[in-house]
Amino acid sequence: MDNFNRRNFLKTAALAGTALAAPAFVRTAAARTTTITIASLLGDDKPETKIWVKIGELVEAKLPGQFKFNIVRNGALGGEKEVAEGVRLGSIQASLSTVSSLSGWAPELQILDLPFLFRDADHVRRTVGGDVGADLKQKLQAQNFVVGDFINYGARHLLTKEPVTRPEQLRGKRIRVIQSPLHTKLWSAFGTTPIGIPITETYNALATGVADAMDLTKSAYAGFKLYEVVPDMTETGHIWASGVIYYASTFWAGLNDEQKAVFQQASSEGAAYFNQLIVDDESKSVETALANGGKLFKPEAFDEWQKGAQGVWDDFAPVVGGIDRIKSIQAA
């Protein structure tokens, strides 16, 4: 082959090689996009989904094209316990959860669920933002849950089929509870029969008479349309429902340091966004409930409600770090 033809051959081969290599490069670039499956219990209009849209936007701004957020809405992947199992197995990469539902893996979390411990949302935030929160994050990480940040779902209130304003009026009722020893103990103290039911099955349980009552935050009360089956809300505010933004440890371990920092920052910003959304959503949720037959009541004999719950502190003190730790949080 003469020099001219040889040069032409090599040039043609190089161009052909580039063309053939191009699809492989595109496939390699596409493979860098990691799809994250995220479970949300509620729909597009609720904070539980909006927070993940926000976190996704924040991550995309810092790490363009690297992650795709697949948000599975309306409890399609199960209730909190089922989702947590999926996160531990790595089939679900992220979600939100109340600390109550994760306490089976990290019992120390129940310190945030102690009834009548916290005065308001600021009191909760100071607690989870300090040493207590840091310790609880470590306990969860040991169980393959990586916490992005703590969130606040608002206070839990009593929901019933007829008005209940005094604790003795609860005696003999069947009450749906979070599947948690603390919640079972709390409502047993008031003479009820607690029944552990996933939140996604609660509406039917109340509609069919399996349960007569439950407790829940105002936002979720409207989100699950529970005013249709338990129209009466007594504003007991007995527990401030703390939660977490959390990730599967298998997913987290696959991130590099830059990606971890971005997700951590996005989670913190997402938590602040969520907490404000909850405040705004609560007032809208109450309006929705009242417009659809719901009623609000103030508790009577409030000291009797607190007295009935006091046994929970005594029983769970050894689990959550001792009575001194509880009292230091109360006084903070």
Side-chain angles (χ1 to χ4, degrees), residues 80-81 97-121 123-124 126-128 132-133 135-136 139 152-161 163-197 199 202 211-217 230 232-243 297-332:
E80 289 185 325
K81 283 285 180 72
S97 179
T98 58
V99 295
S100 305
S101 290
L102 298 179
S103 63
W105 290 283
E108 296 87 350
L109 285 168
Q110 293 173 105
I111 197 164
L112 301 179
D113 261 354
L114 290 176
F116 304 109
L117 175 59
F118 295 103
R119 295 182 295 279
D120 51 35
H123 188 188
V124 177
R126 289 196 304 274
T127 301
V128 298
V132 171
D135 178 57
L136 296 177
K139 296 292 193 300
N152 191 331
Y153 288 93
R156 300 182 75 90
H157 305 284
L158 179 65
L159 310 175
T160 54
K161 295 183 179 182
V164 171
T165 57
R166 302 178 66 90
E168 63 267 21
Q169 294 171 320
L170 276 176
R171 289 180 192 143
K173 295 189 182 296
R174 297 180 301 276
I175 186 166
R176 177 268 173 184
V177 297
I178 289 177
Q179 294 159 294
S180 149
L182 185 148
H183 285 253
T184 299
K185 172 68 180 178
L186 170 63
W187 295 110
S188 294
F190 293 113
T192 71
T193 300
I195 306 170
I197 301 172
I199 189 63
T202 297
D212 307 310
M214 66 178 294
D215 70 334
L216 200 61
T217 62
V230 275
D232 298 327
M233 173 183 284
T234 305
E235 295 179 294
T236 48
H238 48 280
I239 290 173
W240 279 86
S242 291
F297 298 90
K298 295 294 183 185
E300 300 177 278
F302 197 72
D303 57 333
E304 291 299 313
W305 288 100
Q306 291 177 307
K307 182 179 177 182
Q310 189 60 50
V312 177
W313 287 27
D314 298 332
D315 285 357
F316 283 84
V319 176
V320 301
I323 196 68
D324 289 342
R325 190 184 201 193
I326 295 171
K327 289 183 176 179
S328 69
I329 290 173
Q330 182 187 34

Asks: Please identify each residue that fulfils side chain to side chain donor-acceptor pair (under 3.5 Å) with Glu300, with sequence neighbours left out.
Replies: Thr165
Asks: Could you walk me through whether Trp187 and Phe190 pass ring-ring contact (aromatic ring centres under 6.0 Å, His included), step by step?
Replies: CA-CA 5 Å; Trp187 295 110; Phe190 293 113; 5.7 Å; yes
Asks: When you compare the side chain of Ser101 with that of Ile178, does any pair of heavy atoms fall below 4.5 Å?
Replies: yes
Asks: Please determine whether a side-chain nitrogen of the Lys or Arg among Asp135 and Arg325 lies less than 4.0 Å from a carboxylate oxygen of the Asp or Glu.
Replies: yes
Asks: Evaluate His238 against Phe116 for side chain to side chain contact (heavy atoms under 4.5 Å, CB included), listing each step before the verdict.
Replies: CA-CA 5 Å; His238 48 280; Phe116 304 109; 3.6 Å; yes
Asks: Strictly distance-based, threshold 3.5 Å: is any side-chain N or O of Glu80 a donor or acceptor partner for the main-chain N or O of Thr98?
Replies: yes
Asks: Do Leu158 and Leu170 come close enough that some side-chain heavy atom pair is under 4.5 Å?
Replies: yes
Asks: Just wondering, do Ile326 and Leu117 contact through their side chains at under 4.5 Å, heavy atoms?
Replies: yes
Asks: If you define the side chain from C-beta out and look only at heavy atoms, does anything of His157 sit under 4.5 Å from Thr234?
Replies: no
Asks: Heavy-atom distance under 4.5 Å between the side chains of Pro181 and Phe316, does that happen here?
Replies: yes
Asks: Taking the side chain as every heavy atom from C-beta outward, state whether Ile195 and Arg176 have any atom pair closer than 4.5 Å.
Replies: no
Asks: Under the criterion side-chain contact (heavy atoms from CB on, under 4.5 Å), which of Trp240, Trp313, Trp305 is the partner of Pro115?
Replies: Trp313
